[in-house]
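In what follows, a structure is listed as structure tokens, so that the remarks can point back to it.
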Amino acid sequence: MTFNIEKSMRSLVSVLGIFLALFMVSCEDDDHAHEEEHVDAEGFILESDGTEIYREFKGTKTGSVTLAVGATLEVSVHFLGDDGKELEHEEHEGEEEEEGSLRVSGFNSSVATVEVEEGHDDGDDDHGHEEEMALEITGVSAGSTNFKLELMHDGHADYTSTNNVPITVQ
């Protein structure tokens, strides 16, 4: 009788082991597919009229945003990969492009306002129009402030600036 129980237990453990191994492989594939939906940015560049005015890469920052009281500055936002190069926007055939959206916070609106521009056209693709991420910064009064930049996707930030972007209004 003990021989049959022992044999049954070995069979049960073997079946559970196989099930667990298949489950873990299945979860790894799901995690990998989920990761592909997120942007793995290591920094970003702010450009105005094609000129870089601010860069943050792996925590190091250069440049600043400076504008006059009453002036409005349109800046395009380009996210950088681990190699420091701009991340390309990928469109999948038959799907709408869902690259995420920008969110800004933390600025003092009595000094400057920072708004996300929807559907900014940089005129830089083969058809003359490419939608890109952009901000509109308006100087309200002389002083300085800063803002945090986030790339949002599915209700959470895929990327958050490690430094606040400085703004000086003169």
Side-chain angles (χ1 to χ4, degrees), residues 20-67 72-109 111-138 144-169:
L20 183 60
L22 290 173
F23 179 76
M24 290 181 71
V25 169
S26 163
C27 288
E28 287 177 12
D29 289 344
D30 287 346
D31 288 345
H32 182 66
H34 186 65
E35 287 174 12
E36 291 177 352
E37 296 174 8
H38 297 280
V39 175
D40 191 18
E42 292 293 332
F44 64 95
I45 295 173
L46 299 181
E47 287 183 352
S48 175
D49 294 326
T51 302
E52 181 179 311
I53 60 171
Y54 182 85
R55 173 187 293 253
E56 176 180 295
F57 182 62
K58 294 186 177 182
T60 302
K61 64 181 184 172
T62 57
S64 64
V65 177
T66 303
L67 68 161
T72 297
L73 184 64
E74 291 184 12
V75 296
S76 58
V77 181
H78 306 276
F79 287 93
L80 305 173
D82 191 47
D83 59 0
K85 294 181 181 177
E86 183 177 348
L87 293 172
E88 297 297 323
H89 305 293
E90 292 183 18
E91 275 189 66
H92 301 286
E93 191 173 317
E95 295 180 11
E96 282 186 32
E97 185 173 351
E98 193 175 316
E99 62 189 37
S101 61
L102 293 176
R103 181 167 69 181
V104 293
S105 61
F107 58 89
N108 180 344
S109 62
V111 175
T113 59
V114 184
E115 297 178 358
V116 174
E117 266 195 342
E118 297 298 326
H120 183 74
D121 174 16
D122 76 349
D124 198 24
D125 74 349
D126 294 17
H127 302 98
H129 302 285
E130 179 179 317
E131 298 292 319
E132 70 173 13
M133 296 182 185
L135 302 173
E136 185 175 272
I137 303 170
T138 303
S144 56
T145 186
N146 55 57
F147 67 92
K148 177 172 60 172
L149 179 69
E150 295 176 295
L151 177 61
M152 302 301 294
H153 183 262
D154 287 339
H156 68 277
D158 273 0
Y159 176 81
T160 301
S161 58
T162 55
N163 301 288
N164 287 341
V165 178
I167 302 172
T168 303
V169 180

Are more than 12 heavy atoms from other residues, nucleotides or ligands located less than 6.0 Å from atom NZ of K58?
yes

Flag if over 12 foreign heavy atoms under 6.0 Å of CG, D49
no

Using side-chain heavy atoms (C-beta onward) and a distance below 4.5 Å, is [X] in contact with [Y]?
X: Y54; Y: P166; answer: yes
X: I167; Y: F147; answer: yes
X: T72; Y: L67; answer: no
X: T160; Y: K148; answer: yes

Which label fits F79 and F44: parallel for a plane angle under 30°, tilted from 30 to 60°, or perpendicular past 60°?
tilted

Search all heavy atoms of [X] against all heavy atoms of [Y] and return the closest pair with its distance.
X: T145; Y: N108; result: OG1-N, 2.8 Å
X: V114; Y: V104; result: O-CG2, 3.4 Å
X: S48; Y: L73; result: OG-CD1, 3.2 Å

Spell out, as yes or no, whether a donor-acceptor pair under 3.5 Å connects the side chain of E56 to the backbone of N163.
yes

Are any of the side-chain nitrogens in R103 or E150 under 4.0 Å away from the carboxylate oxygens of its partner?
yes

